[in-house]
Amino acid sequence: MMCAIHAGRRGRRVAMIDHSVKVGRKILISGGGRCNFTNVHTSAANFVSRNPHFAKSALSRFVPDDIIAMVRAHRIAYHEKKLGQLFCDESAQNIVNMLGYECEKAGAEFILDCHVKSVAKDKRFVIETTRGRFTCESLVIATGGLSIPKIGATGFGYQVARQFDLHVVPTTPALDGFNFSDGDTRQFTELSGVSIDSVVSCNDAQFRENILFTHTGLSGPASLQASLYWSKGDAVSINLLPDLDVHKWLSEAKAHATRLEVKNFLAEKLPRRFSEKFCLMNNWQSRVNQLKEPEIATLADQLQAWQLMPESTVGYRKAEVTRGGVDTDELSSKSMEAKRVPGLYFIGEVVDVTGQLGGFNFQWAWASGHAAGQFV
């Protein structure tokens with residue numbers, strides 16, 4: 001829709017073909033139904049890609065202030081929740097309505113409930129659909145990734161890329177919860193619902209937010225963020241007490257002859273259910289005043305660098321985005337056009353540019369759509 005708006009404003013005749021019967025379904029479910037439509041702190045550092053520089057061009061030409069200006073012009077009330085994340089005060093439907101209005105104003109046409117049967121190119125692109133044949137000079141693929149198939153996500157965009165011999169970076173679910181191994185599931189299932197403010201690290205990326213235990217694994221914002229940097233076989237490190245020098249805290253408690261059992265002492269800073277399970281798993285049955293210096297060092301390390309080996313992420317049915325996609329080496333960072341297929345463009349999540357949690361993926365959608373809209 002963002003691409004259609006800007007192409008239409010340039011006088012281009014635009015048709016948007018969508019197999020869905022409803023526009024903007026992923027927008028509608030985002031942000032708990034309120035749409036985290038951008039993040040004021042957006043930079044290329046918030047994205048994962050094989051080419052970390054690719055997104056810079058588009059992001060610099062359509063910045064958060066640009067989408068904010070659109071939102072304000074449509075008198076949509078919004079607020080900053082935390083960490084630069086902007087949400088609608090009322091409903092994500094406001095964002096869909098805004099984009100739909102601007103598309104219609106620019107003369108762009110929606111063709112819904114329309115399934116593409118084939119795409120070919122001679123001098124022009126020829127698209128055979130369940131609602132007839134369409135021909136065009138420029139074809140923009142804005143079909144997203146594989147995440148959340150129940151709202152219509154498919155691999156169609158990757159199929160088109162491969163049809164035209166464009167490389168696709170292998171895809172994986174991202175911004176997704178972790179599944180524990182069978183052994184860890186048995187250990188932690190009784191902690192379902194427990195939330196802890198933590199720093200979660202994976203492959204040199206770290207995030208300070210809550211983790212949330214589920215019946216089968218680990219969720220919560222910090223876990224979802226870490227999943228963007230995780231691959232099977234990687235460890236996840238968790239600092240359960242990020243505001244404390246735990247070694248000093250334990251040493252001072254021992255010096256004051258604290259007679260509390262370790263599990264009860266930890267429960268002063270951590271949820272009781274977790275502290276009891278943690279001490280049972282790691283055999284901390286003594287009192288604090290009985291701890292020896294090497295034991296204090298070990299316990300401090302366990303609390304501030306707790307290592308987990310997830311079995312997998314939950315999968316595309318729950319993942320907020322798809323990591324990987326059309327290789328950025330195949331595309332112009334200025335226009336999003338395929339270098340070897342004139343007139344073919346890829347924008348948004350279908351491209352190998354994946355943002356962190358917090359409005360960054362929407363900002364990439366707006367920015368990449370705007371970029372392509374200047375050239376199609």
Side-chain angles (χ1 to χ4, degrees), residues 45 48 83 174-214 216-255 258 260-288 290-313 356-357:
V48 170
L83 304 175
L175 301 186
D176 192 15
F178 290 115
N179 285 327
F180 289 139
S181 64
D182 288 344
D184 283 344
T185 299
R186 288 191 293 271
Q187 290 273 17
F188 297 123
T189 187
E190 64 195 68
L191 295 180
S192 180
V194 171
S195 179
I196 304 174
D197 177 26
S198 307
V199 172
V200 179
S201 304
C202 183
N203 290 325
D204 298 325
Q206 65 175 35
F207 301 93
R208 169 74 181 269
E209 288 194 74
N210 281 8
I211 58 171
L212 175 68
F213 287 87
T214 70
T216 58
L218 206 60
S219 188
S223 302
L224 268 61
Q225 294 280 37
S227 74
L228 180 57
Y229 298 85
W230 181 86
S231 298
K232 189 170 180 61
D234 290 340
V236 173
S237 179
I238 304 174
N239 183 345
L240 295 159
L241 293 167
D243 292 327
L244 277 179
D245 180 333
V246 175
H247 190 282
K248 180 180 178 182
W249 177 56
L250 291 169
S251 297
E252 288 177 348
K254 175 180 169 64
T258 301
L260 286 173
E261 291 184 41
V262 172
K263 66 180 181 181
N264 293 327
F265 184 68
L266 295 184
E268 294 179 359
K269 301 289 185 182
L270 294 166
R272 179 166 292 278
R273 274 199 289 160
F274 178 82
S275 64
E276 290 176 351
K277 172 58 71 173
F278 181 86
C279 289
L280 181 63
M281 286 174 51
N282 292 289
N283 199 32
W284 295 111
Q285 307 301 321
S286 60
R287 300 180 186 277
V288 174
Q290 296 171 330
L291 293 173
K292 297 179 174 60
E293 173 54 34
E295 292 174 322
I296 289 175
T298 297
L299 178 54
D301 285 343
Q302 289 175 344
L303 289 166
Q304 299 207 279
W306 183 36
Q307 299 288 305
L308 280 177
M309 292 290 291
E311 178 64 26
S312 65
T313 58
Q356 297 168 356
L357 191 70

Sorted by chain and residue number, the ring-ring contact (aromatic ring centres under 6.0 Å, His included) partners of W249 (sequence neighbours excluded) come out as F265
- Query: Does a side-chain heavy-atom distance below 4.5 Å link L191 with F278?
  - Reply: no
Taken to the nearest 0.5 Å, the spacing of N264 CG from E276 CD works out to 7.0 Å
Problem - Stepwise side-chain contact (heavy atoms from CB on, under 4.5 Å) check, L303 with L266 - result: CA-CA 10 Å; L303 289 166; L266 295 184; 3.8 Å; yes
The ring-ring contact (aromatic ring centres under 6.0 Å, His included) partners of F213 (sequence neighbours excluded) come to F188, F274
Sorted by chain and residue number, the side-chain contact (heavy atoms from CB on, under 4.5 Å) partners of T185 (sequence neighbours excluded) come out as F180
Between A300 and L250 the two heavy atoms that sit nearest each other are N-CD1, 4.2 Å
All heavy atoms of C202 vs all of A235, minimum pair found to be SG-O, 3.9 Å
Flag side-chain contact, heavy atom, 4.5 Å: L260 against E268:
yes
Verify the distance criterion only: is there a donor paired with an acceptor across the side chains of S227 and D176 at less than 3.5 Å?
no
So CD1 of I238 and OG of S198: to nearest 0.5 Å the spacing works out to 6.0 Å
_Determine whether K269 and S275 satisfy the following criterion, side-chain contact (heavy atoms from CB on, under 4.5 Å), listing intermediate values before the conclusion._
CA-CA 9 Å; K269 301 289 185 182; S275 64; over 6 Å; no
OG1 of T298 to CH2 of W284, rounded to nearest 0.5 Å, is 5.5 Å
**Request:** Report the C-alpha separation of H247 and E293 in whole Å, then their side-chain angles, then the decisive distance to 0.1 Å, and conclude whether the side-chain contact (heavy atoms from CB on, under 4.5 Å) test is met.
**Result:** CA-CA 9 Å; H247 190 282; E293 173 54 34; 2.7 Å; yes
Rounded to the nearest 0.5 angstrom, the CG-CG distance for N239 and D301 is 10.5 Å
| D245 and E252: side-chain contact (heavy atoms from CB on, under 4.5 Å), yes or no, with the steps? | CA-CA 11 Å; D245 180 333; E252 288 177 348; over 6 Å; no
Heavy-atom donor-acceptor pair, Q225 side chain to Q356 backbone, under 3.5 Å: no
Rounding to 0.5 Å, atoms CD1 (I196) and CG (L270) come to a distance of 5.5 Å
ask   = Below 4.5 Å, heavy atoms only, C-beta onward: do R208 and D197 meet side chain to side chain?
value = yes
Practice task
Answer yes or no: is there a side-chain heavy-atom contact under 4.5 Å between S223 and L212?
Solution key: no
Pair Y229, Q206: side-chain N/O donor-acceptor within cut-off below 3.5 Å:
no
(request) State, with a plain yes or no, whether a side-chain heavy atom of L218 is found less than 4.5 Å away from one of V200. (result) no
CD (Q302) and CD (E295) are apart, to the nearest 0.5 Å, by 10.5 Å
Would you say D184's side chain and S181's backbone share a donor-acceptor pair under 3.5 angstrom? no
Main chain of T313, side chain of N179: is a donor-acceptor contact present, judged purely on distance under 3.5 Å? yes
*asked:* Can you confirm whether more than 12 heavy atoms, excluding those of K232, are under 6.0 Å from its NZ atom?
replied: yes
* Asked: Is a side-chain N or O of K263 found less than 3.5 angstrom from the main chain of L280, in a donor-acceptor match?
  -> no
For S286 and L291 the tightest heavy-atom approach is OG-CD2, 3.7 Å
